[in-house]
Amino acid sequence: MNLSFFSSRRGGSSYGSVAPSRWTRRGLAYHKNRHFLRALEAWRKASARGDAEANFLLGRLYARGEGVIRSVPDAVVWYRRAADAGHVDAQYQLGLIHLNGADSGGDGRKLWFDSASRRDSGAAERTRDMFFPCGVTVEQNADEAARWIGAAASAGKPEAQAACGDLCRHGIGLAQDFAEARRWYELAAEKDIASAEFGLGDIYFQGLGVPISCELAADWYEKAAAKGAVKARVALAFIYQSGAGRPADLEKAGRLFAEAAEQGEPRGLYYAALMHLRGDGLPENADKAETYLRRAAKLQYLPAIISLAEFYARADSVKQDPRESADWYRRAAELDDLQSQFFIGRIYATGAGVPLNLRESARWFERAAKRGHATAAHNIAIYRSKGAGVAKDLAKAVEWHRAAAEGGVIASQVRLGKIYATGDGAPRDIGLAVLWLRKGAQSGDAEAQTALALLHLRSETEPTDLHEAEIMLKAAATGGHAPAALQLGHLYAGKYSAPAKPEEALGWYTKSAEGGHAEAQYVLGMMHQDGRGTPENSRRAAIWLEKAAGSGHALSQFQLAVMYSTGQGVAKDLEQAVAWYARAAEGGHAVAQHNYAIMLAKGQGCHADKAKAAHWHKKAADQGLEQSRAALAFLSAIASEAKPDDRPPETPDVGAAAAREANASVDAPSATPSPVRRSHLNQAEAMSRVERVP
């Protein structure tokens with residue numbers, strides 16, 4: 001919009017072309033004595049006689065709620081009558097209202113209309129038109145704002161000229177024009193309007209249509225700050241803080257930030273708080289900083305809200321308060337701060353300062369993920385894959401893993417690789433598996449290196465490359481990744497059709513076992529037990545088996561039970577044997593279930609319990625163990641038609657020799673795993689990979 005057409009109204013007085021009438025002057029006297037209703041009456045009479053000033057004053061009564069219920073829509077009606085007659089102050093006020101928009105005031109009309117519209121919009125509109133003919137709100141209208149502010153500016157009102165500078169600078173209601181903005185600012189600055197001086201400071205500081213000059217910017221900011229312009233004080237504080245345009249002076253910067261803070265300016269409050277926290281330019285004062293941050297946060301200043309959350313989360317803070325921290329992070333998240341949405345998701349996942357709530361955690365993770373937060377995408381993928389806080393949906397889990405993987409989250413790259421390698425959650429695709437695992441491996445991730453190496457070792461890739469697999473496993477294992485060391489042990493033990501290197505196998509199994517890997521501890525224990533690749537040493541075998549057994553490794557628990565039963569490598573102890581058989585049985589080991597049932601039936605190392613024995617025989621029989629099927633058949637027969645002298649046939653337990661045969665697949669990696677062994681490994685693998693939210 002070109003503002004030149006307003007030039008015809010320049011020079012107009014605030015009263016237009018007609019002097020104030022007798023009724024207008026009488027109304028002013030009533031108003032001065034706070035007789036607002038009498039003033040209203042008098043100005044209405046003046047308005048009826050065409051007095052523009054009376055119309056303006058009536059508009060101001062409604063805008064302020066003096067003697068009438070405050071109503072900006074009603075104020076607009078009276079301002080418009082005055083503005084149409086050339087009343088400059090009315091034009092300016094009308095422009096400001098259209099610029100910012102407004103509701104009717106604090107009487108709840110807008111709340112009523114919004115609520116009623118949700119129930120019946122037609123009835124609400126009819127009721128509004130009947131009781132509030134001027135409406136309940138004034139919507140923002142940039143074109144109208146520019147029209148009326150421009151009219152007042154062209155008529156010479158300095159405040160309107162400063163506002164016109166803002167409109168031209170930001171392109172509100174008219175084309176953005178920095179030169180025109182500077183012209184309006186300069187006109188208003190000649191009349192000492194602080195907002196115009198501040199605007200000129202911004203023009204030179206940012207180089208808007210002119211070369212950047214921090215010195216000129218500082219000059220203008222100082223003029224505006226001297227008049228109490230709070231934004232100018234903040235801008236000048238930044239000048240002194242940075243040393244651009246004035247010599248750096250943190251004390252001056254601190255004083256200006258503090259002055260702005262006392263005026264309630266959000267940025268002044270925020271930066272003064274930071275300086276008080278650091279003791280940098282203002283005295284170190286955590287209480288003052290907290291107060292300032294709270295005041296800024298109440299003004300919905302997002303950086304202050306985030307800083308409050310961090311302030312209460314700091315472990316080294318005397319004011320550490322997880323509940324306060326969680327509350328402020330939630331507020332920041334609700335204001336759409338992306339990182340805070342992720343943080344509040346994590347807070348609900350861990351229960352730090354709030355009750356643990358996976359549903360809320362999932363909601364915030366998903367909200368952050370939809371806005372591109374890669375780690376949040378990984379977390380909601382995990383939730384979707386497990387049905388934690390949201391409905392289980394493997395397809396959606398894969399989608400979120402892909403988003404996270406593309407965002408550089410290595411854990412999702414590895415997970416995607418494994419999903420495509422196994423076909424668990426997406427169609428099996430070795431090409432995609434290699435693609436994603438290679439991305440993770442190139443980042444140096446040990447899990448990705450190990451998984452990619454296994455694809456090579458299992459001949460899943462074309463061509464199979466044992467050498468590359470060996471290199472990747474060594475890189476991962478050397479960095480302390482125990483699963484990689486285990487696979488290197490398998491490789492050098494002769495698995496995967498590679499030449500056997502017993503000494504190197506023993507070394508890598510030991511490294512993996514020392515890293516806490518239960519399967520490696522088991523293999524190492526059995527190597528010491530059988531004297532494979534190392535001198536036979538049952539005592540040392542028992543040490544490693546007990547470590548693995550303590551981690552829930554059912555094969556180790558079973559083998560340890562056998563050793564306690566026979567006194568091999570440990571002192572014979574039937575109670576300990578029963579205890580380890582029980583743990584292995586609960587872990588799904590069929591032979592352990594059978595042996596545990598035998599000891600329960602005979603009361604060896606425990607109180608005899610026939611019912612419990614039958615229960616565990618049933619468990620073992622369900623897994624296909626013939627000895628337990630025979631025992632169950634006999635128990636069933638004697639339960640129906642038993643003679644007093646009937647004696648059950650001897651049901652032997654499965655001892656160490658049979659155990660070795662059953663577990664030969666672990667001792668000799670090239671053998672075909674038994675059904676019991678395979679079942680156990682699947683369960684152990686699943687149990688060992690419980691996800692943790694990053």
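Quick caveat, the model's predicted, so the values are computed rather than measured. Positions are given from 1 along the sequence.
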Would a 4.5 Å heavy-atom cut-off, applied to side chains only, mark [X] and [Y] as touching?
X	Y	answer
Glu366	Arg384	yes
Arg294	Leu269	no
Leu256	Val234	no
Leu452	Met472	yes
Leu277	Glu284	no
Gln176	Phe178	yes
Glu447	Ile410	no
Gln442	Arg438	yes

Who passes side-chain contact (heavy atoms from CB on, under 4.5 Å) against [X], sequence neighbours left out?
X	result
Ala405	Ser412, Gln413, Leu416, Trp436
Ala229	Ala194, Ala224, Ala232
Ala477	Ala484, Ala485, Leu488, Trp508

What closest approach, in Å, do [X] and [Y] show between heavy atoms, and which atom pair accounts for it?
X	Y	value
Val414	Leu437	O-CD2, 3.7 Å
Ala369	Ala376	N-CB, 3.8 Å
Ala476	Thr450	CB-OG1, 3.8 Å
Ala218	Ile239	CB-CG2, 4.1 Å
Trp580	Gly550	CH2-N, 4.2 Å
Glu197	Trp220	O-CB, 3.3 Å

Tell me if a side-chain donor or acceptor on [X] pairs with a main-chain N or O of [Y] at a distance below 3.5 Å.
X	Y	answer
Gln557	Ala584	yes
Asp445	Ala441	no
Gln140	Gly101	no
Arg371	Asp336	yes
Ser512	Ala482	yes
Thr137	Glu139	no
Ser443	Lys439	yes
Ser195	Ala162	no
Arg278	Ala273	no

Measure the spacing between [atom1] of [X] and [atom2] of [Y] and express it to the nearest 0.5 Å.
X	Y	atom1	atom2	value
Leu335	Ser340	CG	OG	9.0 Å
Glu519	Ser551	CD	OG	12.5 Å
His276	Thr291	NE2	OG1	9.5 Å
Leu299	Arg267	CG	CZ	13.0 Å
Ser361	Arg346	OG	CZ	10.5 Å
Glu144	Leu99	CD	CG	12.0 Å

Q.
Quick test of your reading: applying ring-ring contact (aromatic ring centres under 6.0 Å, His included), list the pairs with at least one residue in residues 242-270, sequence neighbours left out, ordered by first then second residue.
A. Phe238-Phe257, Phe257-Tyr271, Tyr270-Tyr301

Q | Pairs meeting criterion ring-ring contact (aromatic ring centres under 6.0 Å, His included) with involvement of residues 386-408, two or more places apart | A |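 Passing the test, one end in residues 386-408: His378-His401.
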
Counting neighbours of [atom1] on [X] that are heavy atoms of other residues, nucleotides or ligands and sit closer than 6.0 Å, is the number greater than 12?
X	atom1	answer
Asn357	CG	yes
Arg323	CZ	no
Lys227	NZ	yes

[X]: which residues meet the side chain to side chain donor-acceptor pair (under 3.5 Å) condition with it, sequence neighbours left out?
X	value
Glu399	none
Tyr292	Glu262
Asp202	Arg169, Tyr221
Trp328	Glu324

Q.
What verdict does the side-chain contact (heavy atoms from CB on, under 4.5 Å) test give for Thr350 and Leu356, after you've listed the backbone C-alpha separation in whole Å, the side-chain angles of each residue and the deciding distance to 0.1 Å?
A. CA-CA 6 Å; Thr350 58; Leu356 191 146; over 6 Å; no

Q) Quick one: ring pair (Phe, Tyr, Trp, His ring centres under 6.0 Å) partners of Tyr348, sequence neighbours excluded? A) none

Q.
My understanding is that only residues two or more places apart in sequence, or in another chain, count here; which of them pass ring pair (Phe, Tyr, Trp, His ring centres under 6.0 Å) with His373?
A.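 Per chain and number, His373 pairs via ring pair (Phe, Tyr, Trp, His ring centres under 6.0 Å) with Phe342.
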
Identify whether the distance between the nearest side-chain nitrogen and carboxylate oxygen of [X] and [Y] falls below 4.0 Å.
X	Y	result
Asp249	Arg255	no
Glu290	Lys319	yes
Arg233	Glu259	yes
Arg331	Asp327	yes

Q. In a check of ring-ring contact (aromatic ring centres under 6.0 Å, His included) between Tyr329 and each of Phe343, Phe311, Tyr312, which one passes?
A.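 In the set Phe343, Phe311, Tyr312, the residue that makes a ring-ring contact (aromatic ring centres under 6.0 Å, His included) with Tyr329 is Phe343.
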
(Q) Run the side-chain contact (heavy atoms from CB on, under 4.5 Å) test on Ile347 and Val354 for me, step by step, so that the C-alpha distance in whole Å, both residues' side-chain angles and the decisive distance to 0.1 Å come before the verdict. (A) CA-CA 7 Å; Ile347 285 167; Val354 296; 3.6 Å; yes

Q: In sequence, state the C-alpha distance, the side-chain angles, and the governing distance for Lys386 and Asp393, and then conclude on salt bridge (Lys or Arg N to Asp or Glu O under 4.0 Å).
A: CA-CA 8 Å; Lys386 295 180 176 297; Asp393 189 325; over 6 Å; no

Q | Worked verdict on Leu358 versus Tyr383 for side-chain contact (heavy atoms from CB on, under 4.5 Å) | A | CA-CA 9 Å; Leu358 292 183; Tyr383 280 22; 3.7 Å; yes

Q | Non-neighbouring partners of Asp429 that pass salt bridge (Lys or Arg N to Asp or Glu O under 4.0 Å), sequence neighbours left out | A |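 Once residues adjacent in sequence are excluded, Asp429 has no partner under the salt bridge (Lys or Arg N to Asp or Glu O under 4.0 Å) criterion.
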
